[in-house]
Novice: 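Below are the structure tokens for one structure; questions will follow.
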There are 2 protein chains.
Amino acid sequence: MKLSTKGHYGLKAMYDLALHYSNDPIPLKTVAERQRLSENYLEQLIAALRKAGLVRSVRGAQGGYILAKPPEEITVGDVVRVLEGPIAPLECVSEEYIGDCDQFNYCISRNVWAKVRDSISDVLDSISLADMCREAKEIDQLRK
Amino acid sequence: MKLSTKGHYGLKAMYDLALHYSNDPIPLKTVAERQRLSENYLEQLIAALRKAGLVRSVRGAQGGYILAKPPEEITVGDVVRVLEGPIAPLECVSEEYIGDCDQFNYCISRNVWAKVRDSISDVLDSISLADMCREAKEIDQLRK
DNA sequence: ATTATTCCCTAGTTTATTACTAGGGATTTA
DNA sequence: TAAATCCCTAGTAATAAACTAGGGAATAAT
């Protein structure tokens, strides 16, 4: 029952872009350093996020990445779905499943995984990047 | 974001044992046939479940497996934890984590996965094998 | 113009895991 | 004693994860 690092790293990157959200693009190198991630690897992840329309890129010197929408309008679910594929603990509970499982319609254990999927989706879709930034601020307050 | 087949197959087997729960043990061969699983593979899974105390085994002819407790007292969470390890979308949100992540205490994305973990746990712990049997019966009723 | 910066793309690599298969031994009932 | 059954270990093929490496294309600053 595991996530890959893709979702985790990708979310960290998006969170970083949200924390520093402005009109100026942020170079990936900066993000990678701040979040301590491999830049080359992160490149691959953010490419997927760009193709999905969650970030915009600006090429050339002084270039970088910016969120395509304000942090309030991007949820963790959006990010995770791009990087990890559809949320589905098992293939056959994916919304996109076109399968050949002969027990499809009366598989009881399948119903269990469908419930799990729904609860994961609910959580991920209920948290925006802005929520994460807010939480970070609160934690910072408590420290002082 | 995937489960392995272990959890799925193992749950199917436990569900099968629950459906046919009585004083007599059920040979694994029967379970494997009914649930269409590889017997050899299932052996490995049920060995883990036995060591965890969820099923009892009876050796020799007329032997087989029986649930160690009535279906009401075994949850899906019990089964899944044995086969998939602790419920944790990421290592560092496992209860058992003894780690070296330097951002441990202020990693915001980690908090997200902790929420996911809790919601998965809630779902899995709220469903017993008996619940699954009941659901199967209801579906069967609707069909008639 | 040129150089430095940055995004962009693809291919290769290492390691681990998954999902088995295979086969033999131990135990018990008929 | 034979058949049924659990029990255990080792091997294996395929896949995916998590990168590394390196070069090309676009743009801004000089």
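So you know, we letter chains A, B, ... as the sequences are listed, proteins then strands, and number each from 1.
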Novice: Mind checking whether Val58(A) and Val31(A) sit in one hydrophobic cluster, side chains of I, L, V, M, F, W, Y counted as touching below 4.5 Å?
Specialist: no
Novice: Compute the bend angle of the helix from dA1(C)-dT30(D) to dA30(C)-dT1(D) from the end axes (five pairs per end), rounded to 10°.
Specialist: 10°
Novice: Rounded to the nearest Å, what distance is computed from the CG atom of residue Leu45(B) to the P atom of nucleotide dT18(C)?
Specialist: 12 Å
Novice: Round to a whole Å and report the spacing from NE2 of His8(B) to P of dT18(C).
Specialist: 16 Å
Novice: Rounding to a whole Å, what distance do you find between Glu43(B):CD and dA19(C):P?
Specialist: 18 Å
Novice: Give the rounded distance in Å between these two atoms: CG of Leu42(B) and C1' of dC8(D).
Specialist: 15 Å
Novice: The criterion is salt bridge (Lys or Arg N to Asp or Glu O under 4.0 Å); which residues satisfy it with Asp122(A), sequence neighbours excluded?
Specialist: none
Novice: Residues two or more places apart in sequence or in another chain: which of them pass side-chain hydrogen bond (donor to acceptor under 3.5 Å, both in side chains) with Thr5(B)?
Specialist: none
Novice: Round to a whole Å and report the spacing from CG of Leu49(A) to C1' of dC8(C).
Specialist: 15 Å
Novice: What one-letter contact string describes nucleotides 13-20 of chain D from 5' to 3', where B marks a base within less than 4.0 Å of any protein heavy atom, S marks contact via sugar-phosphate atoms alone, and - marks no contact?
Specialist: -----BBB
Novice: Which side-chain N or O atoms in residues 18-29 of chain B pair as donor and acceptor under 3.5 Å with protein atoms at least two apart or in another chain?
Specialist:
{"unit_1": "His20(B)", "atom_1": "ND1", "unit_2": "Asp16(B)", "atom_2": "O", "d": "2.9"}
{"unit_1": "His20(B)", "atom_1": "ND1", "unit_2": "Arg34(B)", "atom_2": "NH2", "d": "3.2"}
{"unit_1": "His20(B)", "atom_1": "NE2", "unit_2": "Arg34(B)", "atom_2": "NH1", "d": "3.3"}
{"unit_1": "Ser22(B)", "atom_1": "OG", "unit_2": "Asp24(B)", "atom_2": "N", "d": "3.1"}

Novice: Looking at residues at least two apart in the chain, or sitting in another chain, which of them share a side-chain hydrogen bond (donor to acceptor under 3.5 Å, both in side chains) with Ser119(B)?
Specialist: Ser119(A)
Novice: Say whether Ser128(A) and Asp131(A), considering side chains only, have a donor N or O and an acceptor N or O under 3.5 Å apart.
Specialist: yes
Novice: What does Leu28(A) touch in the nucleic acid at a heavy-atom separation under 4.0 angstrom: a base, only the sugar-phosphate, or nothing?
Specialist: sugar-phosphate
Novice: Quickly work out the Glu33(A) CD to dT5(C) P distance and round it to whole Å.
Specialist: 13 Å
Novice: Residues in salt bridge (Lys or Arg N to Asp or Glu O under 4.0 Å) with Lys115(B), at least two apart?
Specialist: Glu135(A)
Novice: What is the distance, to the nearest angstrom, from the CG atom on Asp24(B) to the P atom on dC6(D)?
Specialist: 14 Å
Novice: Below 4.0 angstrom, which residues in residues 53-67 of chain B have at least one non-hydrogen atom near DNA chain D?
Specialist: Ser57(B), Val58(B), Arg59(B), Gly60(B), Ala61(B), Gln62(B), Gly63(B), Gly64(B), Tyr65(B)
Novice: How would you list all residue pairs meeting side chain to side chain donor-acceptor pair (under 3.5 Å) that involve residues 65-76 of chain B, not counting sequence neighbours?
Specialist: Thr75(B)-Asp78(B)
Novice: Just list the side-chain donor-acceptor pairs under 3.5 Å for residues 42-57 of chain A, sequence neighbours left out, or say none.
Specialist:
none

Novice: According to salt bridge (Lys or Arg N to Asp or Glu O under 4.0 Å), who are the partners of Glu39(B), at least two apart in sequence or on a separate chain?
Specialist: none
Novice: Who passes side-chain hydrogen bond (donor to acceptor under 3.5 Å, both in side chains) against Asn40(A), sequence neighbours left out?
Specialist: none
